[in-house]
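Read through the structure below, which is laid out as structure tokens, and then see the notes.
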Amino acid sequence: MIINHPLLGPRDSEEFVYLGSTDLINRPTNWEEEASAEDFYQYQYIRENIAGDHQELWYHEQGDQSWLVVTRNTLTHEITNVELAQDVSRAMGRGK
Amino acid sequence: MSQTNRIKGGLINQNKTITFTFNGQILRGYEGDTLASALLANNKHLVGRSFKYHRPRGIVTVGSEEPNAIMEIGNGAYKEPNTRATVTQIYNGLEARSQNHRGPLGFDLMAITDFFSPMLSAGFYYKTFMWPKAFWEKVYEPAIRNSAGLGTLSTEPDPDTYDKGFRYCDILIIGAGASGLSAALTAASSGAKVILADEDFLMGGRLNSEKAKVDEIAGSKWAKNAVAKLGAMDNVTLMSDTTIFGVYDHGIYGALENRSSESRVDSNKPRQVNWRIYAKRSILCAGAIERSIAFGNNDRPGIMLAGAVRAYMNRFGVATGKKVTVYTNNNDGWQTAKDLRIKGVDVVAVIDSRSISRVMSIQGAEIFMGTDVVDTKGRRRLKSIQLSNGKTIDTDSLAVSGGWNPNLHLTCHHRGIPKWNEEIASFIPDRSTPPGMSVAGRAKGTMALSDAIQEGHDLGTSVAAELGYKAKNLKAASTPVVSYKIEAKWGVPSGKNRAWVDFQNDVTAKDVKLANQEGFKSVEHVKRYTTLGMATDQGKTANVLGIGIMAENMDQTMEETGTTIFRPPYSPVAVGAFAGRRRGMEFYPTRYTPSHKWSEEQGAVFVEVGMWYRSQWFPQPGETHWRQSVDREVIQTRSSVGICDVTTLGKIDIKGSDVSEFLNKVYVNAFAKLPVGKTRYGLMLREDGMAMDDGTTARLAEDHFVMTTTTANAVSVYRHLQFCHQVLWPDLDVHMISVTEQYAQYAVAGPNSRKLLEKIVDPEHDISNEAFPFMGAGAITVCDGIPARLFRISFSGELAYEIAVPTRYGDSLMRAMMEAGKEFDVVPYGTEALGVMRIEKGHAAGPELNGQTSAYDLGMGGMVSGKKDFIGYKLGLREELQRNDRMQMVGFKPVNKDDLVEKGHSMAGAHLLNLRDEPTTENDQGWISSSIYSPMLGCYIGLGFIKDGLNRKGEFVRAVDLVRNSDIEVEICSPHFYDPEGGRLRD
């Protein structure tokens, strides 16, 4: 596969390490609440098994070491969008 | 022996003779011959025995689809089995041997199998060798393997060299026949970067095998001119003898280039190159593959496909027989008869299964319309054929054409499903070809040459235009219009005689029928039950025929029956080509630390850790056993001073105003208040609460930290930290970089370590206990101004330091410290002594951080902060992870100190049982994860995990090792065996 890195242009997927769904961005922040155990459980283990466009995290290990959010169709492997995970994370409201 | 079947002409060089051997017999051919054409020129039709029945078999095709003519080529380590004679170019000294027979090829002792054939139908193995079970491994399997099979391996390492390469282009054109060349000419005229690849060593495709004229000249000549024209263009790369074997995602194509002729001259040159071609677009012009018809005994040597007979004559100047017959269901088969006549070869009969008027008249030949071949005679070579009208005809060469199948394999590599086309009675590609791929010519089902040329010509222009290139206004090559007409013909009723569908795997029409009768309806199931299409040729000539027979058996359409799934590789690829240069030591990188040479000079024994070579121990003269070296290194370190190379630990330099907050989020323990000039031990968890890695982090300045990780996890911890920063907390002011390779680092341990270091640390730096206490850290200089970092940390439990210098000084620092330490009797120690000392001190390492152990399990529950969120905090609190009866890490020592000493092995791997319990899985209480002989305690000791271990100290259990046959009583104890109060490291 070829991943079109937003900063570096098209790169072979061999340079990357795959992690998984972008669900992993939404790490719960309510750790002090008793009930957050369920939220953390959902965060860690529960995933949609998507047949279609899947947003997933890739790490450019043999490149600039950036984490990317790649939108890949799990049926065709077509990649329609690639963004820096840092930007996506910020847009989702994450900060410090 | 002369080449009795050779006739004049062809695209070979009849002035250049080449000598080779077949089964030891010296034969001659010409430059440009394949092994198959040269064998046929020498009237060798019988070239092998079949897989299951050991039937005599001959050459059937002229290309990579060949099912029968597979040979062992070469000798010794160079021997390569299952090589297709039809694609192997001959060279002087080539040694070829036929496969799968015992005794001579002409009299195979295993041919008796053929007489038992009624017993050997589809599913035979499944049904027969069921009982008794014990016989399978010892009797049945070896016997079957011995009698069935392909060539044999040399069993020696492959001495050839393989390479990998990468190429980029705008348009990849697959196949350099009439359509491919036409596409290349227009595409290349646009200025687009074009790669033209063809599996044949001679480009031109079927033009080299046909008499058709193109632009008023011989087709082969036209092809040669076109190739020359393309070869002269800077934007064109020609890759002959190169098979595109797979279509991968996003325009990536696997291509295997055969360079045997070059590697035979220079063994450093690769025999094959596995190219990865990145193409924006591709045009598939792979032509078509002819199929046979399933009639009785259709597998005898001398029975070939009609297109192959024609190719051997036109391209290679070989007549396949003296009295040839043709059996066809389409117009193209007649072309073979016509071409043979032009060359003066006798054609005795043309048999056409269609009830139509004759297609053309063939001089001297009897014509039978609406007639089939039902049986043949001749054991080692065809002698005669019998027709459905009862007539018998003497013939030594039968050319069969059951029609042409578009070669659409590559169009289906992304799960494309071909569709049926009634007009050409074959499958054609549907629209679901891989993105970026277009198809032209016969591969698309365009059977007339003139149309195929036009299609390639037009696609070359339009595909270039898609990429923004404008092709020149060229004229497509002209050729006479010849129509292709066919009426599907699959099986011919053949009575008791077997009609072969898949030659290579010996699958007959009857086998297919039996499978259908037994309830196998899906084409995928029939394939696996009968093994149809599962041989090395992957059924290139057999599959469509098999599907046709299935459709007839089940009275359904071809579309309903469907094809099996096509997968890469298109044709066999040697494993060596995938490995390329990555063999042996080159399998992955080898990493040496800066003082590796020094260690070598000391005679160190090395061990591979990750990709690093680390000194395991340093044998001294007189030491005959590794334990002697290791015990000495431990004792000398603990009594004076030792030095260990710890360069391989992961090192991460972290800067920014939020680093302490960041560290708080990734470590279980608090880091926010770590003062400048101090180091702290930290434990990292995964989000699920399991220990991931441990190490130390030092604060060199308010906003500057340096972290160490274990050697094995250096890469994954760094990746994890980047994830935490970029993905989870993007606004933290944190910047990090791995500096593992930038610093050489050494542990200097033992009561005299400070005295040693004081001799090399520049005098302005005070490293006394008061100025540089336990867990101190700071930047210093050594040996007159060399920058260094000093950390007062201890893995050994002794007064100890780790000192880091820029990599380029590593070797000299090691030598300087050894020199300075002479007066203290300094000793270098390796990873074994390191391990002994860490187990004596009860430090967890790799065997304990196995991904199933929590901070609590490791006895580090007290370190876990409850006042902050960190990775693994919440899920680490789960009830299951807090249970007391989980396996917890503790120490184990033998009740009898001498236990195992004589046997000389440790407790590692032993399972723990309550004293009177039987050693069964249900009674398992835990296991010993790390164990060594402790020279300080004078016995074996171990770290391990046992249920509720933290509450069971003082209890006695059994350590049972069923592998090494030991069973000893051990006491559960604290893991801190040596200096449990830790006084030594604070001195």
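The figures here come from the full heavy-atom set of this structure, side chains too, leaving out hydrogens, waters and symmetry mates. Lettering follows sequence order; numbering is per chain, from 1.
B/Asp688 contributes atom CG, which lies 4.5 Å from atom OH of A/Tyr45 (distance to the nearest 0.5 angstrom). Distance check: B/Asp869 CG to A/Ser36 OG gives 8.5 Å after rounding to the nearest 0.5 Å. With rounding to the nearest 0.5 angstrom, the NE2 atom of B/His725 is 14.0 Å from the CH2 atom of A/Trp67. Note that CD1 of B/Ile871 is 4.0 Å distant from CZ of A/Arg27, once rounded to the nearest 0.5 Å.
Of the two parts of A/Val17, only the side chain, counted from C-beta on, holds a non-hydrogen atom closer than 4.5 Å to a non-hydrogen atom of chain B. Contact annotation for B/Arg878: only side-chain heavy atoms (C-beta onward) come within less than 4.5 Å of a heavy atom of chain A.
Taking the side chain as every heavy atom from C-beta outward, B/Val715 and A/Glu61 approach each other to under 4.5 Å. With a 4.5 Å cut-off on side-chain heavy atoms, B/Leu728 and A/Arg94 count as touching.
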#### Entry: Audit row: A/Tyr41, B/Lys874, side-chain contact (heavy atoms from CB on, under 4.5 Å) steps and yes/no
CA-CA 9 Å; A/Tyr41 165 76; B/Lys874 199 75 192 189; over 6 Å; no
### Task
Show the numbers, then the answer: is there a side-chain contact (heavy atoms from CB on, under 4.5 Å) between B/Phe166 and A/Asp12?
CA-CA 11 Å; B/Phe166 300 84; A/Asp12 194 292; 5.7 Å; no
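Chain A forms more heavy-atom pairs under 4.5 Å with one residue of B/Val727, B/Leu877, B/Asp733, B/Leu732 than with any other, namely B/Val727.
Here A/Arg72 does not pair with B/Asp249 in a salt bridge; the nearest charged N to carboxylate O distance is not below 4.0 Å.
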